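All remarks here apply to the structure that follows.
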Amino acid sequence: MTLAKIVFASMTGNTEEIADIVADKLRDLDVEVDVDECTTVDAEDFLEADIAVVATYTYGDGELPDEILDFYEDLSGLDLSGKIYGVVGSGDTFYDEFCKAVDDFDAVFAGTGAEKGSENVKVDLSAEDDDIERLEAFAEDLVNKV
Ligand SMILES: Cc1cc2nc3c(=O)[nH]c(=O)nc-3n(C[C@H](O)[C@H](O)[C@H](O)COP(=O)(O)O)c2cc1C
């Protein structure tokens with residue numbers, strides 16, 4: 001069975017909800033899914049997965065959340081060749097650097113040798129119906145790449 005691991009950072013819950021939407025869709029597609037908050041897992045845990053997903057909000061002025069920095073640094077040292085990755089997240093279009101942390105994780109994943117399974121999905125605050133459709137299509141893309 002295909003295994004997906006979704007690691008998220010979420011302060012007010014929007015990104016956790018996004019992670020859960022992706023997880024539910026993956027489960028519908030017969031994928032086994034773990035969803036974990038970023039401070040409770042190690043980046044190395046992605047070595048066990050077929051599909052690696054990060055869901056993150058953006059803080060400061062286009063910055064990564066503090067609590068995901070260690071995970072981000074550890075991820076950059078991994079060899080994830082043969083795996084599929086995807087990145088989603090929440091931000092606020094009020095800020096100049098909308099969802100910049102999503103792009104930062106995309107770049108670091110690309111450096112691990114993993115294959116990008118879908119375009120990044122960026123959500124303005126909490127997921128609305130059209131965002132849910134995009135997140136479900138993201139999950140389908142990932143599965144189709146495995
Ligand atoms: C102090 C502060 C700085 C923020 N900076 C950014 C930013 O630079 N870019 C962005 O897209 N969103 C920014 N946001 C918005 C959050 O990413 C957004 O509220 C998001 O939905 C939070 O996700 P969460 O509910 O999972 O914690 C900022 C929010 C706060 C409170």
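Just so it is clear, the structure is predicted and the values come from calculations on it, not from any experiment. Whatever order the structure lists them in is the order used to number ligands and atoms, beginning at 1.
- Checked for salt-bridge contact, Glu115 and Lys83 miss the test: no charged N lies under 4.0 Å from a carboxylate O.
- The pair Lys100-Asp104 meets the salt-bridge criterion, with a side-chain N (NZ, NE, NH1 or NH2) lying under 4.0 Å from an Asp/Glu carboxylate O.
- In this model, no donor atom of one side chain and acceptor atom of the other lie less than 3.5 Å apart for Thr2 and Asp50.
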Check ligand 1 against the protein and report each N/O to N/O distance under 3.5 Å, formatted as atom name, atom name, distance.
residue, atom, partner, partner atom, Å
ligand 1, 5 (N), Gly60, O, 2.8
ligand 1, 8 (O), Gly60, O, 3.4
ligand 1, 8 (O), Gly62, N, 2.7
ligand 1, 9 (N), Glu97, O, 3.0
ligand 1, 11 (O), Asp92, N, 3.1
ligand 1, 11 (O), Cys99, N, 2.8
ligand 1, 12 (N), Asp92, N, 3.2
ligand 1, 14 (N), Thr58, O, 3.2
ligand 1, 17 (O), Thr58, N, 3.4
ligand 1, 17 (O), Thr58, O, 2.7
ligand 1, 21 (O), Asn14, ND2, 2.8
ligand 1, 21 (O), Ser90, OG, 2.6
ligand 1, 25 (O), Thr12, N, 3.3
ligand 1, 25 (O), Thr12, OG1, 2.4
ligand 1, 25 (O), Gly13, N, 3.1
ligand 1, 25 (O), Asn14, N, 2.7
ligand 1, 25 (O), Asn14, ND2, 3.4
ligand 1, 26 (O), Ser10, OG, 2.6
ligand 1, 26 (O), Asn14, N, 3.4
ligand 1, 26 (O), Thr15, N, 2.8
ligand 1, 26 (O), Thr15, OG1, 2.6
ligand 1, 27 (O), Met11, N, 2.6
ligand 1, 27 (O), Thr12, N, 2.7
ligand 1, 27 (O), Thr12, OG1, 3.4

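- Checked against side-chain contact (heavy atoms from CB on, under 4.5 Å), Asp66 has the following partners two or more places apart in sequence or in another chain: Leu69.
- Within a 6.0 Å sphere centred on CD of Glu97, other residues, nucleotides and ligands contribute more than 12 heavy atoms.
- Between Met1 and Val31, the shortest heavy-atom distance links the atoms CE-C, 4.0 Å.
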